[in-house]
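Notes to accompany the following structure.
Any value given below was found using the heavy atoms of this structure, including those in side chains, with hydrogens, waters and symmetry copies removed. Below, read A as the first sequence line, B as the second, and so on, with proteins coming before strands; counting in each chain starts at 1.
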There are 2 protein chains.
Amino acid sequence: MKKPTIKDVASLSGVGTGTVSRVLNGGSVKETTRIKVMKAIDKLGYQPNQVARTLAGGKTKRILFLMPEIRTEFHWRVMKSFDEYLDKMNYEMVIYPVFSDKRLKKLRSDPSLIQNIDGAVICTMNIEFLSRKYIDFGTNVVLFESQSDEFDCVYLDNVLGGRMAAELLIECGSTDLFVISFDEENTILATENFEKRILGFTSYLKEKGYEFNEEKLVYTSFFFETAHERIASILSEYDRPGIFALADNFALEVLQMASAMKKIPGKDFFLVGYDNQSWTERAGLTTIEQPMEDMGRKTAELIIQKIENPGQYVQPVKFLPSLKRRKTA
Amino acid sequence: MKKPTIKDVASLSGVGTGTVSRVLNGGSVKETTRIKVMKAIDKLGYQPNQVARTLAGGKTKRILFLMPEIRTEFHWRVMKSFDEYLDKMNYEMVIYPVFSDKRLKKLRSDPSLIQNIDGAVICTMNIEFLSRKYIDFGTNVVLFESQSDEFDCVYLDNVLGGRMAAELLIECGSTDLFVISFDEENTILATENFEKRILGFTSYLKEKGYEFNEEKLVYTSFFFETAHERIASILSEYDRPGIFALADNFALEVLQMASAMKKIPGKDFFLVGYDNQSWTERAGLTTIEQPMEDMGRKTAELIIQKIENPGQYVQPVKFLPSLKRRKTA
DNA sequence: TTGTAAGCGTTATCAA
DNA sequence: TTGATAACGCTTACAA
C-alpha cells in the first residue's frame, strides 16, 4: 500500500491541497476545516514528505553538526543537550564526523548534505578550516568551542579557567606546580582551548612570582595514559605538589597512581581537573566546571535564532567556568 | 546568481534534459554528446540537486548509521573504515546517535530521515529494539555487532574470543582466573557481546576443571575506572593470577595499578585484553584482536550489495578473533 | 478563507 | 541514441 500524500488528505477531507498545506505549516484556516483536515491526517497516518517539501522551497528543519573525532564526555553531553533543545523546537540534528582533512574537503565538494540543511554547527575545529574560502555553507553557521568575529560562536573563557586552577593550588600551599596536558597533532582540532588554559595558569603563576617552565608541563594522551612514570616521580619527589590536569581524564590517571602509592589527595598533593565530568563528584575530584548543558543549549538557541531571523549581527557568547571544590584541592 | 540546473546544462550543450540525466547516471549516450555535456557541466560548475533527484525516484546514495553513545576506539575505527568504503563507492554516511530510548521512538515516528536514505546500519544495539514491529525502516538494513536471522548482520565470534583468552592464561600457568567486565545498564546497548566473552571464558575453564565463580568477576566502568581496590588486592593476594579484561580499556587500569605496585606483567601476573586497540602494541598488552577495519568494510559491502541487488537472502557474516600475543601473557 | 495551478529539479517512459 | 513530457509531493502565489 502506498504512502498517503497530501492529495489523499485533501480529497478525504474534501478540501484542496493548498489548505492542507496551510494546516501543516501554520497558515490561516478556519477552525472547523482545520479539524476536518487533522482528522483525515490522523486517519490516513499521513506524514509529509520532507524531500518534496524541501524541493518546493520549504525548510528542512535539519541542522548539521560537524564534529571531529571526539570521544569525550564533554562533547557528548554538549551534543545531547544541543539535540534536546533542537528536538523541542522541532528541529533535527544530523552529525557529520570529520575524521580527516580529506573528509572536510569532500564536504565542500559534495553539497548534497548541505542542500538539505537549514544551518550548521561547527564543533571544536581549528579556525583555519573554518574560513569562508574553505567551506561555503551558504547557510547559517554557529561555531562551538572556537572564537571568531566572522561567525556566531559559543565558547568558554579558558584563560580564566586556567587562572582559577592556579589560584586554588597556590591557596592550598603548593609551591611546585605542574600541568598535565595532552599530546595530539590532529590539525583539525581546535587546540587553542588547551593552550588558553595553560596560558591562564602560567600567567597567574608569573603574576604571583611562581616559577613555571617547560619541564613542569607533562604530556599524556587522551585515551591511553602514558605519563605513569612522570606522575609517579612528581608524587614522590616533591613536597605537596600542585597538579592542574587540563581535562578530568588526565586527573584520573593521577588519582590512580596516587591510590597505588598510598598518597592522599588533598594532603600529600593537590589536584585540579577540568570539565566536571560526571564521575568526578564520586571521586571527590576538585575541578573547573564547564557548563556543558548550558553551552549545548545556547548553541541550539543561537542557530535556530539565526535561521528564523536571518541577517542579524554576529554574536559571540562567552561562558564562564566555575570551581567545583571537592577533596583533592 | 542562481545555481545551474540540469536545464541550463541541457540548453548550453544543445541536448535535452533526458540526455544530460543519462550522462549523469550512466545511461547509453553517444561518446561525442557525452563529451559535449561534460564540458557544459564543467563550465557551469553544475552539481545535481540531490533533493530533486530523490523526489524523482532516484537513489540518495545515503546510508544511515544508527549508533548508541559509543565513545570507544573500536567503534570509531569500524565507522571510519565503513565510511571509507562507502566513499569509494560514492555513498555517503549519515550518523544518527541514539542517546536514549526516546530518541529511537522519535526516529520511528519521524520518518524524514529515513525517507532520505537507501539503507541503514544498526550498530551494537539491543536486539529487542530491532524488531520490525518497533522500527520499520522500509529499507535495507544491516546489523553490526548483533546477531539475527531476520536481518543481515556482521559480528565477531565472542565466545571463541573468550575461550582463546582462557586457554592462553591457563597455558601461562595461572590457576586463579579473573574477568574484568563493566557495569552498565544502558538498555539500548547490545550487552550480549560481553556476555558471550564471559561465557566462552568460563566454559573453557569448566572444561579444563578450573573453578570460576561470581567473586572472580570484577566490575569496572568504561570511562571512570572504579575497580582500583579490587585490582590491587588481586595483584597482591594471588600468586600469578590470570586476568581477562573484556576490553583493552580495562586492562589499562590493571597495567597502571601494577606499574605503581611494581608488579611485572607476564611474570607476576598475566593479562589478556580484548580489541587490539592502537595503544596496546606500545604497551605490550596481549590481546584478542577484533579485525575492526575488516568488519567495518564488510558491513559497508553488505549494505551496498543489498541496495544494489535487492531481494537477496539474509546473510550473517561472522568474523573470527585472533590472538595478539605480546608481553603480558 | 479557500481552491487551483505553477513551479521546484530531477528521473523515467515512450515515441521518434 | 535522442528529446519531449509526465510524474514525484510539496509550497506558495493568485484568483475566487
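Nucleotides of DNA chain D that come within less than 4.0 Å of any heavy atom of chain A span, from the 5' end to the 3' end, D:dG9 to D:dA13. Scanning DNA chain C 5' to 3' for nucleotides with an atom closer than 4.0 angstrom to a non-hydrogen atom of chain A gives a first and last hit of C:dT1 to C:dG9.
Taking 4.5 Å as the limit, some side-chain heavy atom of B:Met67 sits within range of a side-chain heavy atom of B:Met79.
A:Val51 comes within contact range of no nucleotide atom at all, as no heavy-atom separation falls under 4.0 Å. Residue contacts for A:Ser21: at a heavy-atom cut-off of 4.0 Å it reaches a base atom on one of the strands shown.
Ionic pairing of A:Glu301 and A:Arg297 is present here: one or more N-O contacts between side-chain nitrogen and carboxylate oxygen are shorter than 4.0 angstrom. Salt bridge status for A:Arg62 with A:Asp118: absent, with no side-chain N to carboxylate O gap under 4.0 Å. Look at A:Lys88 and A:Glu84 and you find no salt bridge, because none of the NZ, NE, NH1 or NH2 atoms lies under 4.0 Å from a carboxylate O.
Heavy atoms only, all atoms of each residue included: B:Phe151 and B:Val314 are closest at O-CG1, 3.2 Å.
Each of B:Asn49 and A:Thr17 lies near DNA chain C, and the nucleotide nearest A:Thr17 is the one positioned closer to the 5' end. Comparing A:Ala52 and A:Gly57 by the nucleotide of DNA chain D that holds the closest heavy atom to each, the one mapping nearer the 5' end is A:Ala52.
Contacts with DNA chain D (heavy atom under 4.0 Å) in residues 27-42 of chain B: B:Ser28, B:Val29, B:Lys30, B:Thr33, listed by number.
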Output side-chain donor-acceptor pairs under 3.5 Å for residues 15-24 of chain A, partner residues at least two apart or in another chain, one line each.
unit_1  : atom_1 : unit_2  : atom_2 : d
A:Ser21 : OG     : A:Asn25 : ND2    : 3.3

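Using the six-membered ring where Trp is involved, A:Phe82 and A:Phe65 have ring planes that are tilted, between 30° and 60° apart.
For the helix from C:dT1-D:dA16 to C:dA16-D:dT1, the terminal axes (five pairs an end, C1' atoms, rotation from four pairs onto the next four) enclose an angle of 40°, given to 10 degrees.
Screening residues 2-23 of chain B for ring pair (Phe, Tyr, Trp, His ring centres under 6.0 Å) gives no qualifying pairs among residues at least two apart or on separate chains.
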